[in-house]
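Working notes, beginning with the structure itself.
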Amino acid sequence: MTKMAGGEMLTQLGSTMAGLMFICAMFKQYFPFDLQNHIEQYAHKLIGLVYPYIQITFHEYSGDGFERSKAYAAIERYLSTNSSSRAKRLKADMVRDSKSLILSMDDHEEITDEFRGIKLKWASRKNTPNRQVISFYGDNDEKLYYKLTFHRRHREIVTGTYLNHVMEEGKAIGVKSRQRKIFTNNRGEQRVGSRRTMWSHVVFEHPATFDTLAMEPKKKQEIINDLITFTKSKDYYKKIGKAWKRGYLLFGPPGTGKSTMIAAMANLIEYDIYDLELTAVKDNSELRKLLIDTSGKSIIVIEDIDCSLDLTGQRKKKEKEKGEKKDGDKANPIEEEKKKKDAEDSKDSKVTLSGLLNFIDGLWSACGGEKIIVFTTNYVEKLDPALIRRGRMDKHIEMSYCSFEAFKVLARNYLDLESHDSFETIRGLLEENKITPADVAENLMPKSSEEDADTCLKNLMEAIERLKEEARLKAEEEEKAKAEEEEERLKAEKEKEKEKEQKSAEEEKEKKASVAEVKENGVIT
Ligand SMILES: Nc1ncnc2c1ncn2[C@@H]1O[C@H](COP(=O)(O)OP(=O)(O)OP(=O)(O)O)[C@@H](O)[C@H]1O
């Protein structure tokens, strides 16, 4: 056999390609579309007999063509991490709900993947519709799809394990890169695409994390472990036959970080937040609808549960202490109007305690994937034990006044301080006085560029001393009021006693008079 020179070989390859292209063009031009289809089908069958590879295609839009295929999206994300370092041509896109650009293989690009020693080929393809078909069906969209090719001896492992692995990885990447949202139900029904929902949302961007949360480290770590264990326990919950959900009850005085904790939780496990305003829910069936409309990987929050529902099922107007209007504040007409509307709404609402219990652990509560339900309250003792019993609220977390350990977290966050001469004094002050982390944080925040760490710590110590003095005066006043009350009570008791004595003296007198009358007249009346 004569050896061909490189240039000669290329020339021959070029002319072969040109020949093939010519045949294809003739084929497309002179054969009717239906006949082309038939010939292609037979050609595929013929190839299947001698070709040892299997191909699976994943179309971007399948079935009715309205919804983007979840499998396609998962593969896109899986390949975005796998292909971005290997493919030569990439395309970048900002996918809906994603916080960053998604890099994926460009159309007609190919890469190989390896799984348990098996080599697989992924290709990104695009079908440009045939003109005859466009004119007939009016469908002129390009169809994107991925094609997976592998040797037929690996069929079982690919269809049984590899594809699951791709889907799981793709979904996990999706969860990591998606923008998280915070939903609220107090804006009435909304239309999202073709469906209606009671939830409206914005992107959730709260910066709180467990690092910035002031709390005893041991307690904090316990909560972190609990949350992480929960997120990884799908199989465990399945095994024990329990819906994959967990309830947290956060209780403590205002300003101890209950809302901050919820934000830190959502940021840690990357869940969405559904902030459920119970006073805006009409009745139990609307509550159930709202629940069904929540997605998996979400934290459903009911803040100040004691203000939203009383134990007989009659709802009260929500009056959060922190939001109450101070005396002398000018009335804001919009606020006033809103309050009036809230009050009217809450008169119409009929959510009952049993409706809420059903919401937490009824049959519907298992729908839609993993969920965390959080209740917050300033008055845990006001809640019905049925509502917060273990199993419903699995973890009760007390958010308390600022301890020295919690203060150290705030000092590190706000002032970049690990230690300071004043820390021991502050430790003593915090042990003796009740001050919320919110108040400590407020004092540690520099109010101007002239305020350094020393000034902020001094401000804090003065604030605690002031609080101490206020608490002393308040205790004195309370003592005085109590003493006055006691005095009043004793005085009232004495007067009552005196009245009683007077009354019995009068009765005695009357009795004596009537006896004398009987004696005198000899008649019993
Ligand atoms: N434990 C904490 N760690 C860090 N910051 C805190 C903590 N507690 C309070 N803060 C600060 O105080 C502010 C108010 O706290 P937050 O709203 O979380 O308290 P809360 O307990 O939810 O109050 P309420 O019961 O009134 O809703 C927060 O924005 C945060 O800056």
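Nothing here was measured: the structure is a model prediction, and the numbers come from that model. Just so you know, ligand 1 is whichever comes first in the structure, and atom 1 is the first atom listed for that ligand.
Below 3.5 Å of separation, one finds an N or O of A214 facing an N or O of ligand 1. Residue-to-ligand polar distances place T256 within reach of ligand 1: an N/O pair is separated by less than 3.5 Å.
Below 30°, between 30° and 60°, or above 60°: for F183 and H201 the angle between ring planes is between 30° and 60°, a tilted geometry. The aromatic rings of H420 and F423 sit tilted, their planes meeting at an angle between 30° and 60°.
Comparing A438, P207, G255, A208 by heavy-atom distance to atom 12 (O) of ligand 1, the nearest is A438. Between the choices M445, K258, H206, the shortest heavy-atom distance to atom 25 (O) of ligand 1 belongs to K258.
When all heavy atoms of M215 and A406 are compared, the closest pair comes out as N-CB, 3.7 Å.
Applying ring pair (Phe, Tyr, Trp, His ring centres under 6.0 Å) to F58 and the options Y146, Y78, W122 leaves one that passes, W122.
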Which pairs would a plain distance check flag for residues 389-398, meaning a side-chain donor or acceptor within less than 3.5 Å of a matching protein atom at least two apart in sequence or in another chain?
from: R390; atom 1: NH1; to: D394; atom 2: O; distance (Å): 3.4
from: R392; atom 1: NE; to: D361; atom 2: OD1; distance (Å): 3.4
from: R392; atom 1: NE; to: D361; atom 2: OD2; distance (Å): 3.1
from: R392; atom 1: NH1; to: A386; atom 2: O; distance (Å): 2.6
from: D394; atom 1: OD2; to: G247; atom 2: N; distance (Å): 2.7
from: K395; atom 1: NZ; to: E222; atom 2: OE2; distance (Å): 3.0
from: H396; atom 1: NE2; to: I388; atom 2: O; distance (Å): 2.8
from: H396; atom 1: NE2; to: M393; atom 2: O; distance (Å): 3.2

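Which parts of ligand 1 touch G257 is read off a 4.0 Å heavy-atom cut-off, strictly below it: atoms 7 (C), 8 (N), 9 (C), 16 (P), 18 (O), 19 (O), 20 (P), 21 (O). For ligand 1, the atoms sitting less than 4.0 Å from at least one non-hydrogen atom of T260 are 15 (O), 16 (P), 18 (O), 28 (C), 30 (C), numbered in the order shown with element in parentheses.
Applying the side chain to side chain donor-acceptor pair (under 3.5 Å) criterion to T209, with sequence neighbours excluded, gives no partner residue.
Counting heavy atoms under 4.0 Å from ligand 1, residue D304 does not touch it at all.
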